[in-house]
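Lettering of chains follows the sequences in order, A, B, ..., and the numbering in each one begins at 1. No experiment lies behind these values; they were computed from the predicted model shown.
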Amino acid sequence: MTPEFPAPETRSLHFIEEILEADLASQKHGGRVMTRFPPEPNGYLHIGHAKSICINFGLAQKYGGKTNLRFDDTNPTKEDIEYVDSIREDVHWLGFEWAGEHYASDYFPFLYDYAEYLIGQGKAYVCDLSDEEIKEYRGNFYNPGKESPYRNRTVEENLDLFRRMRAGEFPDGSRTLRAKIDMQSPNMNLRDPLMYRIKRAHHHRTGDAWLIYPMYDFAHGVSDALETITHSICTLEFEDHRPLYEWFLEQDVEGKFFQRPLPRQIEFARLNLTHTVMSKRRLLQLVQENQVQGWDDPRMPTICGLRRRGYTPEAVRAFAEHVGVAKRDMVADVELLEHCIRQDLEARAPRAMAVLRPLKLVITNMSEAETFEVELPRHPEHPELGTRRIPFSHELWIDQDDFREEAPKKWFRLAPGAEVRLRGAALVRCEEIVKDSTGAVVELRCTWDPASKGGNAPDGRKVKGTIHWVSARHALDAEVRLYEQLFLADDPMDVPESQDWHQGINPQSLEILRAKLEPSLASAQPGERFQFERTGYFAVDLDSKPGALVFNRTVGLKDSWSKIEAKG
RNA sequence: UGGGGAGUAGCCAAGUGGUAAGGCAGCAGGUUUUGAUCCUGCGUAUCGAGGGUUCGAAUCCUUCCUCCCCAACCA
């Protein structure tokens, strides 16, 4: 019943699709496409992940393949079950089903065996260098590294030491297992990278079964290969790791561990959005310092924040589609995201009238007792959505923004002496303004033209302005929350790394209003979205209780009046 | 002073030797009982810069410039 959100006219393939099609054409993987989305469960998913999710799942879908959800849980000190739950929920919400749900931690035994194999092949060794020493021996960008004095231990010694590392004979940090590659390599990642570290930490899945944990570089490719992933799509910062990714898999010289052909890593540029920060570190900090109300605060760029704000999965997916996939660092304009949600909601959100900042309007030539109902469609283009009945009476609320005591040029809303249409109801003319002792306008006294019931005058006179209204006697009270962009900076890169990066936070990022709503909204359910005519799209807060409606503004309607006014 | 990437309009992004798609934003009109939506039109893009090859270059060669990533027992 709800209209389809139009897909962008996508035309040419992006570079990843070209790779997939080439592999498909050459039957490299026997016509198979298998991708994976591999988050570390150390935070909530954000819009940047949504891009990755859409790419991984979308590509597999497009080419008849499948996608696994894999939790890259190799660092127990940062990870938590709370995060895996939220990630599962968010991926589902976005509308994707994963073929298999895996955990890097499920592969700990396999990883361990493969590590022993590498030791046996003379490709890995136990190193006793300390944290600082490793760093020192590694050299830097300009100077090659030095080989560890432990690099040439015998296979037997390495195996013995590694087994004892696992058995817990050595303290945390005292030894590591390292890949024996090349300390001279200009690629720092290849200077004998760590494969395992000793860490006595409780893992959210394996508990205390392991005292040694594999590093990302070792675990990731192996996990991909085990799941027979064909294309391992990740972000640009892993480009330097690709040789290492390949190295670890290629050491399976006898082909005893992995199915061929091996997966291929492909990198794309991660998403950045104007007016927001995306790093997990910062998002976590916002939550921990109570700068926001939680991971799902509607100002957060998290998936759950967007959901709570009233975004639809369709709009998020459309956004991911619109931003494109390439390899250059990019900062997408948040206006594009807003365009996507507006377009989606415009097509499907029921309309309702709401007055955010109430101003009383009294119709002096209408009796206090009189009441009638007007009937308006829920959606102008979808009669199948039905209609709503809205009571009209002599005392109404209109929005303060719809009245100007001194009307600028081209203003065609209400002003002294001006006539305007109350949407769907009738024409009213402002005859008198009532002010309080401070000079603030508190009431408008108007006359209406009873002949204009329905909104048009029989004499055909034109009124350009149409405003929305709510009958005071029948109005519903609601709390409406206006969320603005959290950050002042246009570019997330402008937000300083220093401790005072919070200065980028917009103090006006949340405004709470007591609003008046048309009574038909009484039955609105949490999560439902509406277009409050002439103002914007709003969603009933997920925590909203019946009888105490709380709305979050998803996004405002575009209002060209401000532009007209700005031009004078 | 190393290595790896990337530079096409304000923001994204096609294009891979034949004379610069599309979207967002912006501008100008039209329709409209939401100044919304919708519709129409609008961009002289030194294709980072210089040099070269070619009948012809955003695309090839070359030099240079700029930006991003890499020196966690993070991912």
Enquirer: With respect to A:R534, which candidate in A:D559, A:D402, A:D399 satisfies the salt bridge (Lys or Arg N to Asp or Glu O under 4.0 Å) definition?
Expert: A:D402
Enquirer: Please give, in whole Å, the distance from B:U32 P to A:K462 NZ?
Expert: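 After rounding, the reported distance stands at 7 Å.
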Enquirer: Determine yes or no for a side-chain-to-main-chain donor-acceptor pair under 3.5 angstrom, with A:H204 supplying the side chain and A:V84 the backbone.
Expert: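 No, because the side chain of A:H204 does not come within donor-acceptor range (under 3.5 Å) of the backbone of A:V84.
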Enquirer: Could you check how far CZ of A:R378 sits from C1' of B:U34, rounded to whole Å?
Expert: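 One finds 17 Å between C1' of B:U34 and CZ of A:R378, rounded.
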Enquirer: Examine B:C24: is either OP1 or OP2 under 4.0 Å from a nitrogen or oxygen in the side chain of A:H322? Give yes or no.
Expert: no
Enquirer: Between A:D73 and A:K453, name the one whose nearest nucleotide on RNA chain B is closer to the 5' end.
Expert: A:K453
Enquirer: Between atom CD in A:E17 and atom P in B:A13, what is the gap in whole Å?
Expert: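 Rounding to the nearest Å, CD of A:E17 and P of B:A13 are 14 Å apart.
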Enquirer: For A:D344 and A:C340, indicate whether the former's side chain and the latter's backbone hold a donor-acceptor pair under 3.5 Å.
Expert: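 No, A:D344 side chain to A:C340 backbone: no donor-acceptor pair under 3.5 Å.
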Enquirer: Under 4.0 Å, heavy atoms only, any strand: does A:K199 hit a base, just the sugar-phosphate, or nothing?
Expert: sugar-phosphate
Enquirer: Can you label the angle between the A:H46 ring and the A:H49 ring as parallel, tilted or perpendicular, going by 30° and 60°?
Expert: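 Ring orientation of A:H46 relative to A:H49: tilted.
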Enquirer: Mind calculating the distance between NE2 (A:H203) and C1' (B:C74) to the nearest angstrom?
Expert: 14 Å
Enquirer: Find the distance A:L271:CG to B:C12:P and express it as a whole number of Å.
Expert: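 Nearest whole value for this atom pair: 11 Å.
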Enquirer: Mind checking A:D72 for me? I need base, sugar-phosphate or nothing, with any heavy atom below 4.0 Å counting as a touch.
Expert: sugar-phosphate
Enquirer: So, is A:K135 near the phosphate of B:C73, with a side-chain N or O under 4.0 Å from OP1 or OP2?
Expert: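 It does not, given that no N or O in the side chain of A:K135 lies less than 4.0 Å from OP1 or OP2 of B:C73.
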Enquirer: With a 4.5 Å heavy-atom cut-off, do A:F162 and A:Y125 have their side chains touching?
Expert: no
Enquirer: Between B:C24, B:G5, B:C74, which nucleotide gets closest to the side-chain atoms of A:L236?
Expert: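 Shortest atom-to-atom distance from the side chain points to B:G5.
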Enquirer: Name the nucleic acid region contacted by A:M353, choosing base, sugar-phosphate or nothing; use a 4.0 angstrom heavy-atom cut-off, strictly under.
Expert: nothing
Enquirer: Just N and O in the side chain of A:T77: are any of them under 4.0 Å from OP1 or OP2 of B:C74?
Expert: no
Enquirer: Pick base, sugar-phosphate or nothing for A:F238, based on heavy-atom distances below 4.0 Å to the nucleic acid.
Expert: base
Enquirer: To the side chain of A:K567, which of B:A25, B:A28, B:A75 is closest?
Expert: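 Among B:A25, B:A28, B:A75, the one nearest the side chain of A:K567 is B:A28.
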Enquirer: Taking the C1' atom in each of B:C24 and B:A9, what is the distance between them to the nearest angstrom?
Expert: 13 Å
Enquirer: Applying a 4.0 Å non-hydrogen cut-off, can you work out what A:T74 is touching in the nucleic acid: base, sugar-phosphate, or nothing?
Expert: sugar-phosphate
Enquirer: Using a 3.5 Å cut-off on both pairing distances, which stems of three or more Watson-Crick or G-U pairs include RNA chain B?
Expert: B:2-7 with B:65-70, B:10-12 with B:22-24, B:26-30 with B:38-42, B:48-52 with B:60-64
Enquirer: Is A:Y196 stacked on the base of B:C73 when the test is centres under 5.5 angstrom and planes under 30 degrees?
Expert: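 So A:Y196 does not count as stacking on the base.
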Enquirer: Taking only the C1' atom of each, what is the distance from B:C12 to B:C47 in whole angstrom?
Expert: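 The answer is 16 Å between these two C1' atoms.
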Enquirer: NA contact type, A:N456, heavy-atom cut-off 4.0 Å: base, sugar-phosphate, or nothing?
Expert: base
Enquirer: Please work out whether the ring planes of A:H322 and A:H339 are parallel, tilted or perpendicular, with thresholds of 30° and 60°.
Expert: perpendicular
Enquirer: Which label fits B:A72, syn or anti, where anti is any glycosidic angle not within 90° of 0?
Expert: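 Base orientation relative to the sugar is syn.
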Enquirer: What nucleotide, of B:G5, B:C70, B:C24, holds the atom closest to the side chain of A:D329?
Expert: B:G5
Enquirer: Taking the side chain of A:K327 as its heavy atoms from C-beta onward, which of B:A72, B:G2, B:G5 lies nearest to it?
Expert: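 Nearest nucleotide to the side chain: B:G5.
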Enquirer: Looking only at side-chain atoms of A:H339, point me to the closest of B:A75, B:C24, B:A72.
Expert: B:C24
Enquirer: Students often get this wrong, so: under 4.0 angstrom with heavy atoms, is A:L376 touching a base, only sugar-phosphate, or nothing?
Expert: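 Here A:L376 touches no strand at all.
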Enquirer: Between A:R197 and B:A75, is there a contact of a side-chain N or O with OP1 or OP2 at under 4.0 Å?
Expert: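 Yes, such a contact exists.
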Enquirer: Check for me whether the distance between the ring centres of A:Y537 and A:F532 falls short of 6.0 Å.
Expert: no
Enquirer: Grab the CG-C1' distance between A:L13 and B:G22 for me, whole Å please.
Expert: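 The answer, rounded to whole Å, is 15 Å.
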Enquirer: Specify whether A:F372 and A:W448 have parallel, tilted or perpendicular ring planes, treating 30° as the upper limit for parallel and 60° as the lower limit for perpendicular.
Expert: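 The rings of A:F372 and A:W448 lie parallel, inter-plane angle below 30°.
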Enquirer: Measuring only the P atom in each nucleotide, how far is B:A6 from B:C61? A whole number of Å is fine.
Expert: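 Here B:A6 and B:C61 have their P atoms 14 Å from each other.
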Enquirer: Using a strict 4.0 Å threshold on nitrogen-to-oxygen distance, state whether A:E17 and A:K62 make a salt bridge.
Expert: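 Looking at A:K62 together with A:E17, the answer is yes, because their closest N to O distance falls below 4.0 Å.
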Enquirer: With P as the reference atom in both, quote the distance from B:G18 to B:A13 in angstrom, rounded to an integer.
Expert: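 Rounded to whole Å, the distance is 23 Å.
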Enquirer: Looking at A:R153 and A:D128, is there a salt bridge between them, counting it only when a charged N and a carboxylate O are closer than 4.0 Å?
Expert: yes
Enquirer: Pick the C1' atom in B:U44 and in B:A20, then give their distance to the nearest Å.
Expert: 13 Å
Enquirer: Please report, rounded to the nearest Å, how far the P atom of B:A6 is from the CD1 atom of A:I266.
Expert: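 Distance check: A:I266 CD1 to B:A6 P gives 14 Å.
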Enquirer: Looking only at the side chain of A:P186 (C-beta and beyond, no hydrogens), which of the listed nucleotides B:G2, B:C69, B:A14 gets closest?
Expert: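 Between B:G2, B:C69, B:A14, the one nearest the side chain of A:P186 would be B:G2.
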Enquirer: Roughly how far apart, to the nearest Å, are B:U66 and B:G56 at atom C1'?
Expert: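 Nearest-Å result for B:U66 against B:G56 at atom C1': 30 Å.
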Enquirer: Is the closest basic N to carboxylate O distance between A:R264 and A:E246 below 4.0 Å?
Expert: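 Salt bridge: no.
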Enquirer: Could you please name the option among B:A13, B:C73, B:C24 that lies closest to any side-chain atom of A:L336?
Expert: B:C24
Enquirer: Using a 4.0 Å heavy-atom cut-off, does A:R421 contact any base of the nucleic acid, only the sugar-phosphate backbone, or nothing at all?
Expert: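 Base contact.
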Enquirer: Would you mind reading off the distance between A:D217 atom CG and B:G4 atom P, rounded to a whole angstrom?
Expert: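 Atom-to-atom, A:D217 to B:G4, this comes out as 18 Å.
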Enquirer: Choosing from B:A71, B:C68, B:U1, which nucleotide comes nearest the side chain of A:Y142?
Expert: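 Selected nucleotide (nearest to the side chain): B:U1.
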Enquirer: Does the gap between the ring centers of A:F108 and A:Y213 come in under 6.0 Å?
Expert: yes
Enquirer: Using only modelled atom types and a 3.5 angstrom limit, is any donor from either the side chain of A:N187 or the base of B:G4 paired with an acceptor on the other?
Expert: no
Enquirer: Under a 4.0 Å N-O cut-off, is there an ion pair linking A:D224 with A:R70?
Expert: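 Answer for the salt bridge query: yes.
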Enquirer: Ring centroids only, cut at 6.0 angstrom: are A:H14 and A:F268 within range, meaning strictly under it?
Expert: no
Enquirer: Taking atom P in both B:U63 and B:C69, compute the distance separating them and give it to the nearest angstrom.
Expert: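 Pairwise P distance, B:U63 against B:C69, rounds to 26 Å.
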Enquirer: Under 4.0 Å, counting only non-hydrogen atoms across every strand here, what does A:N75 touch: a base, just sugar-phosphate, or nothing?
Expert: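 Sugar-phosphate: the residue A:N75, judged by heavy atoms under 4.0 Å, touches backbone atoms but no base.
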Enquirer: Determine the interatomic distance between C1' on B:G7 and the same-named atom on B:U40; round to the nearest Å.
Expert: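 Per the computed distance, 35 Å lies between those C1' atoms.
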Enquirer: For a quick check of understanding: with a heavy-atom distance under 4.0 Å over all strands, which category does A:V331 fall into, base, sugar-phosphate or nothing?
Expert: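 Sugar-phosphate: the residue A:V331, judged by heavy atoms under 4.0 Å, touches backbone atoms but no base.
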Enquirer: Scan A:H220 against the nucleic acid and name what it touches under 4.0 Å (heavy atoms): base, sugar-phosphate only, or nothing.
Expert: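 Counting heavy atoms under 4.0 Å across all strands, no contact is made by A:H220.
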Enquirer: Report which part of the nucleic acid A:L129 touches: base, sugar-phosphate, or nothing (heavy-atom distance under 4.0 Å, all strands).
Expert: base
Enquirer: Can you give one letter per nucleotide of nucleotides 35-43 of chain B, 5' to 3': B if a protein heavy atom sits under 4.0 Å from the base, S if only from the sugar-phosphate, - if neither?
Expert: BBS------
